[in-house]
Protein chains: 2
Amino acid sequence: MDNLQKERGELIEFSGIHFASTYNIPPLAARILALLIIDGCKSGLTFESLVEKLSASKSSISTNLNLLLKMEKINYFTIAGDRKKYFKASPLSERLLNYKKMLEAEKFLVNKMLHYREQTITCPQEKCNLENVKAYKNHIEEMEELFVKTIAEFKIIEIDNNNNNQ
Amino acid sequence: MDNLQKERGELIEFSGIHFASTYNIPPLAARILALLIIDGCKSGLTFESLVEKLSASKSSISTNLNLLLKMEKINYFTIAGDRKKYFKASPLSERLLNYKKMLEAEKFLVNKMLHYREQTITCPQEKCNLENVKAYKNHIEEMEELFVKTIAEFKIIEIDNNNNNQ
DNA sequence: CGATTGGTTCGCAAATCACCGAACCAATCG
DNA sequence: CGATTGGTTCGGTGATTTGCGAACCAATCG
């Protein structure tokens, strides 16, 4: 019981650090995201509860919530006759999309590199280098395929889950 | 000819931005890395030439070179009877390793999350959530396999290339 | 109407970062 | 030996980031 609380604390802390560095977001935004993933999965968390749980100011919570919304890392829903917004983390499939975007950036770069290299081959060593870049590009494309496949699978699971819970 | 120079410039600029954000390194470090990938692939670049080409101070170049060395994004070799160090970007397989590390961090997180969730199931919706996380974990493991496979393939190509060029 | 609630916006202050110049060190050269 | 070369270390500074409080706004309540 007490142990579970400790586990929860560590989970939030670690998630926070992880999100801050991989998504390049401020620490508080990362902590909000972590909290929404861990505690907000059922019914979402309100603005107020985030202010309390993270003991941060209203302004900081507001700014960082809007940042996360714009990044589509979170979303919110409302209840009729209730002025509050209930925030939730985006489904896991969104997280996969993020990695996919990183791959796309890498692919774009590799393509540019390839185009440049093709025009500047002057010695056998550079030819090897070219082959290397081509192999790297191949790998990225393989990864991309796997991603597209998995994201599709995932979306189905998530829709299914949603239907079961309504 | 002139066009090629323009392409080179754009390539360096874009690579710089990409590396700075995906590796979380200072702009200058990112530009050094970009330059080493594009110009340094043959015979490496010296400290001096980096200072000139990037028109940065010796101290900044020194600091950022050491950062990149520590991160294993670059390496250097020396030539007998020459005090200079020749810096090169690490082979592409190193870049794959970086993505693998990110996956590992994500896996670690998901495992923690899973362990916590298993202890806190109280309603059917949470059960769905658990299934979701498990599916996500599966995906990560699939990706990891693909990585291990490709990195191995890559290492072979690289060793091969090296032998051909000696 | 005024009071309350839920949330935003706007400076501002503290902390951190990125880069610089100058002084410095260690190895080699003449 | 002193001069030069290749590179490091240190203190500082301007720019950026992160979070805060206070004032504010818009919607609802009594």
Side-chain angles (χ1 to χ4, degrees), chain A residues 12-13 15-36 40 43-71 73-88, chain B residues 12-13 15-36 40 43-71 73-88:
Chain A
I12 290 177
E13 196 195 317
S15 305
I17 295 169
H18 179 70
F19 295 146
S21 69
T22 62
Y23 296 147
N24 268 318
I25 53 176
L28 185 56
R31 264 174 282 138
I32 292 175
L33 185 56
L35 204 57
L36 288 183
S43 45
L45 295 179
T46 65
F47 188 95
E48 254 287 295
S49 68
L50 285 170
V51 169
E52 277 169 34
K53 288 197 186 204
L54 294 169
S55 51
S57 71
K58 286 209 297 172
S59 62
S60 306
I61 294 291
S62 174
T63 313
N64 285 291
L65 274 177
N66 285 319
L67 174 71
L68 291 170
L69 282 169
K70 210 169 56 190
M71 295 176 82
K73 299 266 168 258
I74 65 171
N75 53 65
Y76 68 90
F77 60 92
T78 47
I79 299 174
D82 184 351
R83 232 163 20 108
K84 285 176 206 153
K85 288 173 182 171
Y86 293 84
F87 296 92
K88 296 187 86 162
Chain B
I12 289 177
E13 196 196 315
S15 304
I17 295 170
H18 179 70
F19 295 146
S21 69
T22 61
Y23 297 147
N24 267 318
I25 54 175
L28 184 56
R31 264 173 283 139
I32 292 174
L33 185 55
L35 204 57
L36 288 183
S43 45
L45 294 178
T46 64
F47 187 95
E48 255 286 297
S49 67
L50 286 170
V51 169
E52 277 170 34
K53 289 197 185 203
L54 294 169
S55 51
S57 71
K58 286 208 298 171
S59 61
S60 305
I61 294 291
S62 174
T63 313
N64 285 291
L65 274 177
N66 285 319
L67 173 71
L68 291 169
L69 282 169
K70 211 168 59 192
M71 295 175 81
K73 299 264 166 261
I74 64 171
N75 54 64
Y76 68 89
F77 61 93
T78 48
I79 298 173
D82 184 351
R83 256 204 314 143
K84 285 176 204 150
K85 290 173 180 170
Y86 292 83
F87 296 93
K88 295 186 87 163

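Every chain is numbered from 1 and lettered A, B, ... according to where its sequence line falls, protein lines coming before strand lines. Values below: all heavy atoms of this structure, side chains included; hydrogens, waters and symmetry mates excluded. In this text, all values refer to a predicted model and were calculated from it rather than measured experimentally.
Across all strands shown, dA14(C) forms a Watson-Crick or G-U wobble pair, both distances under 3.5 Å, with dT17(D). Nucleotide dA22(D): paired with dT9(C) (Watson-Crick or G-U wobble, both distances less than 3.5 Å). dG30(C) and dC1(D) make up a base pair, with Watson-Crick or G-U wobble contacts both under 3.5 Å.
For dG21(D), its base sits under 3.5 Å from the side chain of S59(A) at one donor and acceptor pair at least.
Contact annotation for L28(B): backbone-only contact, meaning every heavy-atom pair under 4.0 Å involves sugar-phosphate atoms and none involves a base. K58(B) comes within 4.0 angstrom of a base, heavy atoms only.
Taking the six-membered ring where the residue is Trp, Y86(A) and F77(A) present parallel rings, their angle staying beneath 30° rather than reaching 60°.
Evaluated for a side chain to side chain contact (heavy atoms under 4.5 Å, CB included) with R31(B), the options L33(B), L35(B), L28(B) yield exactly one hit, L28(B).
Remark: K85(A) is not positioned above the aromatic ring of F47(A), lacking an NZ or CZ atom under 6.0 angstrom from the ring centre and at most 45 degrees off the axis.
The outermost nucleotides of DNA chain C lying under 4.0 Å from heavy atoms of chain B, listed 5' to 3', are dA18(C) to dT28(C).
Under the 3.5 Å distance criterion, the side-chain polar atoms of T63(B) are matched with a main-chain donor or acceptor of S59(B).
A sub-4.0 Å separation between OP1 or OP2 of dG19(D) and a side-chain N or O of S60(A) is absent.
Looking at L36(B) and K88(B), their side chains never come closer than 4.5 Å, going by heavy atoms from C-beta outward. Considering only heavy atoms from C-beta on, S57(B) stays 4.5 Å or farther from V51(B) through its side chain.
Two residues, R83(A) and T63(A), neighbour DNA chain C, and the one matched to the more 5' nucleotide by heavy-atom proximity is R83(A). Positionally, the nearest nucleotide of DNA chain D for Y86(B) lies more toward the 5' end than for the other of P26(A) and Y86(B).
Rounded to an integer number of Å, the gap from CD1 of I61(B) to C1' of dT9(D) is 16 Å.
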